[in-house]
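Reading through the structure tokens given below for one structure.
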Amino acid sequence: QVQLVESGGGLVQAGGSLRLSCAASGRTFRVGAMGWFRQAPGKEREFVAAISWSGISTYYADSVKGRFTISRDNAKNTVYLQMNSLKPEDTAVYYCAAWSARTYDSGSPGYWGQGTQVTVSS
């Protein structure tokens with residue numbers, strides 16, 4: 001199986017930055033595209049960003065475009081989410097996700113991390 005472990009969450013003031021990391025382990029040969037979702041209290045889980053296996057193609061939700069950047073290091077089996085200009089509405093549990101396909105196709109991920117809390121204070 002594939003295990004995904006997130007790190008880097010925490011408390012930050014509005015306008016600040018955080019960098020999330022997600023390390024894949026186990027049968028990493030099954031990991032293709034990777035991405036991030038988030039779930040705020042009382043809301044459904046929503047897509048944030050995704051990146052193809054090659055790293056060439058990236059995808060973002062409109063709400064984070066221009067503020068968040070997704071990247072990956074395949075040698076380390078790790079995907080990152082650099083979050084700048086954070087807003088209180090970015091407060092949520094952020095989940096790492098992975099697909100078996102090498103390209104992101106908006107389908108449901110096959111693998112999920114346990115989540116990391118991001119809290120942005122106003």
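The analysis underlying the following values was restricted to heavy atoms, covering all of them including side chains, and did not include hydrogens, waters or symmetry mates.
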Problem set entry | Tyr95/Trp36 aromatic ring centres below 6.0 Å |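 Between Tyr95 and Trp36, the centre distance exceeds or equals 6.0 Å.
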Exercise. What do you reckon, are the aromatic ring centroids of Phe68 and Tyr80 less than 6.0 Å apart?
Worked result: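 No, too far apart.
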Is it the case that the side chains of [Y] and [X] hold a donor-acceptor pair, with the cut-off being a distance below 3.5 Å and no angle test?
{"X": "Gln39", "Y": "Glu44", "value": "no"}
{"X": "Thr78", "Y": "Asp73", "value": "no"}
{"X": "Glu89", "Y": "Thr91", "value": "no"}

Exercise. Would you call Asp62 and Lys65 a salt bridge, taking side-chain N to carboxylate O under 4.0 Å as the test?
Worked result: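 Yes.
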Heavy-atom closest pair, residues [X] and [Y]:
{"X": "Leu4", "Y": "Cys22", "result": "CB-SG, 3.8 Å"}
{"X": "Leu18", "Y": "Leu86", "result": "N-CD1, 3.8 Å"}
{"X": "Ala24", "Y": "Met34", "result": "CB-CE, 4.5 Å"}
{"X": "Ala92", "Y": "Arg38", "result": "CB-CB, 3.8 Å"}
{"X": "Ser71", "Y": "Ile51", "result": "CA-CD1, 3.7 Å"}
{"X": "Val48", "Y": "Phe37", "result": "CG2-C, 3.8 Å"}

Exercise. Considering only heavy atoms from C-beta outward, does the side chain of Ser17 approach that of Gln82 to under 4.5 Å?
Worked result: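 Yes. Closest side-chain heavy atoms under 4.5 Å.
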Measure the spacing between [atom1] of [X] and [atom2] of [Y] and express it to the nearest 0.5 Å.
{"X": "Tyr60", "Y": "Thr69", "atom1": "OH", "atom2": "OG1", "value": "4.5 Å"}
{"X": "Lys76", "Y": "Asn74", "atom1": "NZ", "atom2": "CG", "value": "12.0 Å"}
{"X": "Ser7", "Y": "Leu20", "atom1": "OG", "atom2": "CG", "value": "8.0 Å"}
{"X": "Gln1", "Y": "Ser25", "atom1": "CD", "atom2": "OG", "value": "11.0 Å"}
{"X": "Thr28", "Y": "Asn77", "atom1": "OG1", "atom2": "CG", "value": "4.0 Å"}
{"X": "Ile70", "Y": "Ser52", "atom1": "CD1", "atom2": "OG", "value": "9.5 Å"}

For this session: Please report the C-alpha distance between Tyr111 and Trp99 in whole Å, then the side-chain angles of each, then the deciding distance to 0.1 Å, and finally whether the side chain to side chain contact (heavy atoms under 4.5 Å, CB included) criterion is met.
Result: CA-CA 7 Å; Tyr111 308 101; Trp99 291 262; over 6 Å; no
Problem set entry | Backbone of Ser85 reached by a side-chain donor or acceptor of Arg67 within 3.5 Å |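 Answer holds: yes.
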Exercise. Passes side chain to side chain contact (heavy atoms under 4.5 Å, CB included), Trp53 versus Val31? Steps please.
Worked result: CA-CA 8 Å; Trp53 180 85; Val31 173; 5.8 Å; no
Problem set entry | side chain to side chain contact (heavy atoms under 4.5 Å, CB included) assessment of Gln114 paired with Glu6 | CA-CA 7 Å; Gln114 82 287 352; Glu6 303 98 334; 2.7 Å; yes
For this session: Apply side chain to side chain contact (heavy atoms under 4.5 Å, CB included) to the pair Lys87 and Val120, showing each step before the final yes or no.
Result: CA-CA 6 Å; Lys87 305 175 181 179; Val120 184; 5.5 Å; no
Problem set entry | Arg45 to Trp112, cation-pi by 6.0 Å centre distance and 45° axis angle |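 Pair Arg45/Trp112 counts as cation-pi.
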Exercise. Do Val93 and Phe47 belong to the same hydrophobic cluster, where Ile, Leu, Val, Met, Phe, Trp and Tyr are linked whenever their side-chain heavy atoms lie under 4.5 Å apart, directly or via other members?
Worked result: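 Linked, Val93 and Phe47 end up in one cluster.
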Exercise. Is there a path from Val12 to Val64 through hydrophobic residues (I, L, V, M, F, W, Y) whose side chains come within less than 4.5 Å of each other?
Worked result: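 As far as the 4.5 Å side-chain criterion goes, Val64 and Val12 are connected within one cluster.
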For this session: Determine the sole option in Leu81, Val5, Val79 for which the side chain to side chain contact (heavy atoms under 4.5 Å, CB included) test with Cys96 is passed.
Result: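 The residue from Leu81, Val5, Val79 that satisfies side chain to side chain contact (heavy atoms under 4.5 Å, CB included) with Cys96 turns out to be Val79.
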